[in-house]
Amino acid sequence: MEEVQEEQSQPLAGQDSENEIVAEGASFVHGEPPQDGDSPPKVESEVEVLHEKVTKQIIKEGYGQKPSKYATCFVHYRAWTESTQHKFEDTWHEQQPVELVLGKEKKEMEGLAIGIFSMKSGERALLHVGWELGYGKEGSFSFPNVPPMADILYEVELIGFDETKEGKARSDMTVEERIGAADRRKMDGNALFKEEKLEEAMQQYEMAIAYMGDDFMFQLFGKYRDMALAVKNPCHLNMAACLIKLKRYEEAIGHCSLVLGEDENNAKALFRRGKARAELGQTDAAREDFAKARKYAPEDKAIVRELRVLAEHDKAVYQKQKEIYKGIFGPRPEPKPQRASWLVVIWQWLLSLIYRIFKSGRQKTE
């Protein structure tokens, strides 16, 4: 495992500054991403009754302590109406964790908060919430659209939480406080990565990113925006590095693309997106990313190496296709000399004989 490097100069795409982790030498940690699809996950674990209207089944175990009242929790969740299996919310799809201060949640989140109270960091669970602790008798006809008296199923993951006695939410923090809190989470993530705890490191990076949400970034200009991006972008790149090691390439591409949306010339984002695309077999797109990365980091040997690997891959594919087509059609047959028909030979002999007789008779007449 390589250490986090501290460099004064701008790092190359294949290298990392003190803000960013070195992932190329890390061992794989085979964590499972949330189940894809539009339906609730199938869970076989024991049903735990948390409340008369709330039950829980653990999908993935967490670690450490559980949050207390007024803790600021960062969660991802998907929500379905139980009767129709209609999914009406998905924060994983938006790649934006939700902040929830326990004890200060909205009324429609009361059942979800009861479930989160029982969870540990990193835990993922399926919650069944009765309509009384969800969107109530009237439901919701705006966003999200939930029918009246609808019981709800939540697939929820507690990314992590901050314990604060006052229950101070991000919206109540100053710009400096939010950037500072995000930076601390980023450094905690780097420390966990050095211990090869990739899943736990990713949770810290996600919490850091949550402090730098779109609503917050939209309000920042000048030096404050630069300060925020100096924390936010490395977290996205660190997430991408972890996801590549976990073989979750599509998600890695998403995080790199978010960085490139802010900084289209970011060589590290281009390099890591190229690696993820190459693993998915998207060789043309990967080559384009590596070529752009080389433009901004021409001395980077890692980029040259990846381009060479792609070139060798293309050559191998060409040779394989050549062998396949050769096997299908076989070698081109050589033309065989055709045997002259005996009728043709006789006809030619007769013509030659008649010609000689005619010529001989003409000479005698002269």
Side-chain angles (χ1 to χ4, degrees), residues 29-51 53-64 66-67 71-102 105-136 139-140 143-147 150-161 198-200 202-203 205-207 209-210 213 239 242-243 246 248 250-251 254-255:
V29 178
H30 297 288
E32 293 294 329
Q35 296 182 33
D36 294 326
D38 293 328
S39 301
K42 305 297 182 183
V43 185
E44 302 296 334
S45 60
E46 182 181 353
V47 177
E48 181 182 356
V49 179
L50 306 177
H51 182 277
K53 298 295 180 180
V54 182
T55 62
K56 181 181 85 168
Q57 290 176 277
I58 295 177
I59 300 173
K60 184 187 75 172
E61 295 284 351
Y63 60 91
K66 298 176 182 179
T72 301
C73 299
F74 299 92
V75 299
H76 269 309
Y77 66 85
R78 290 172 175 155
W80 296 264
T81 54
E82 184 180 28
S83 59
T84 63
Q85 303 284 289
H86 167 65
K87 184 172 69 172
F88 60 85
E89 203 161 5
D90 187 345
T91 66
W92 274 296
H93 179 73
E94 300 296 331
Q95 294 187 333
Q96 188 66 48
V98 171
E99 174 192 353
L100 194 68
V101 178
L102 297 181
E105 67 278 350
K106 297 177 181 178
K107 182 175 176 57
E108 63 267 20
M109 295 290 189
E110 188 176 350
L112 177 61
I114 290 172
I116 293 172
F117 261 118
S118 71
M119 298 174 70
K120 299 177 181 180
S121 292
E123 181 178 327
R124 188 158 68 245
L126 180 67
L127 302 179
H128 178 286
V129 177
W131 62 266
E132 296 89 345
L133 299 180
Y135 287 84
S140 172
F143 179 82
N145 190 341
V146 183
D151 292 341
I152 300 172
L153 294 174
Y154 286 104
E155 180 187 3
V156 57
E157 180 172 351
L158 177 58
I159 299 167
F161 58 89
L198 298 190
E199 290 282 353
E200 295 176 28
M202 286 167 57
Q203 289 162 4
Y205 297 137
E206 281 204 87
M207 290 182 67
I209 292 168
M239 282 286 293
C242 292
L243 289 164
L246 295 171
R248 291 159 57 177
E250 292 286 0
E251 294 172 78
H255 282 279

Can you measure from CD (Glu157) to CZ (Arg78) and round to the nearest 0.5 angstrom? 10.5 Å
Quick one: NZ on Lys56 to OG on Ser45, what's the gap to the nearest 0.5 Å? 9.0 Å
So, for Gln85 and Glu82, which heavy atoms are closest and what is the spacing to 0.1 Å? NE2-O, 2.9 Å
Heavy-atom pair with the smallest gap, counting every atom of Trp80 and Ser39: CZ2-O, 3.4 Å
Side chain of Asp151, backbone of Trp131: donor and acceptor closer than 3.5 Å? yes
Separation between CD of Glu89 and CZ of Phe143, rounded to the nearest 0.5 Å: 5.0 Å
Are Lys66 and Phe161 side-chain neighbours, meaning at least one heavy-atom pair lies under 4.5 Å? no
Is there a side-chain contact between Met202 and Glu251 (heavy atoms, below 4.5 Å)? no
Check: Leu112 and Leu127 side chains under 4.5 Å, non-hydrogen atoms: yes
Inter-residue atom distance Glu199.CD - Lys60.NZ, 0.5 Å rounding: 4.5 Å
What is the minimum heavy-atom distance between Gln203 and Ile159, and which atoms define it? O-CG2, 3.1 Å
Taking every heavy atom of Leu100 against every heavy atom of Met109, the minimum-distance pair comes out as CD1-CB, 4.3 Å
Would you check if the side chain of Ser121 reaches a backbone N or O of Tyr63 as a donor-acceptor pair within less than 3.5 Å? no
Between OG1 on residue Thr91 and NE2 on residue His76, distance to nearest 0.5 Å: 5.0 Å
Taking side chain as C-beta onward, heavy atoms only, is Ile152 less than 4.5 Å from Phe88? yes
Kindly indicate whether the side chain of Thr84, heavy atoms from C-beta on, has any atom under 4.5 Å from the side chain of Pro147. no
Which heavy atom of Pro67 sits nearest to which heavy atom of Phe117, and what is that distance? O-CD2, 3.8 Å
Please report the closest heavy-atom contact between Ser140 and Pro144, naming both atoms and the distance. OG-O, 2.7 Å
Distance (rounded to the nearest 0.5 Å) between Ile209 CD1 and Phe74 CZ: 11.5 Å
Should Val156 and Met119 count as side-chain neighbours, where that means a heavy-atom distance under 4.5 Å? yes
Can you find a side-chain donor-acceptor pair between His86 and Thr81 that sits under 3.5 Å? no
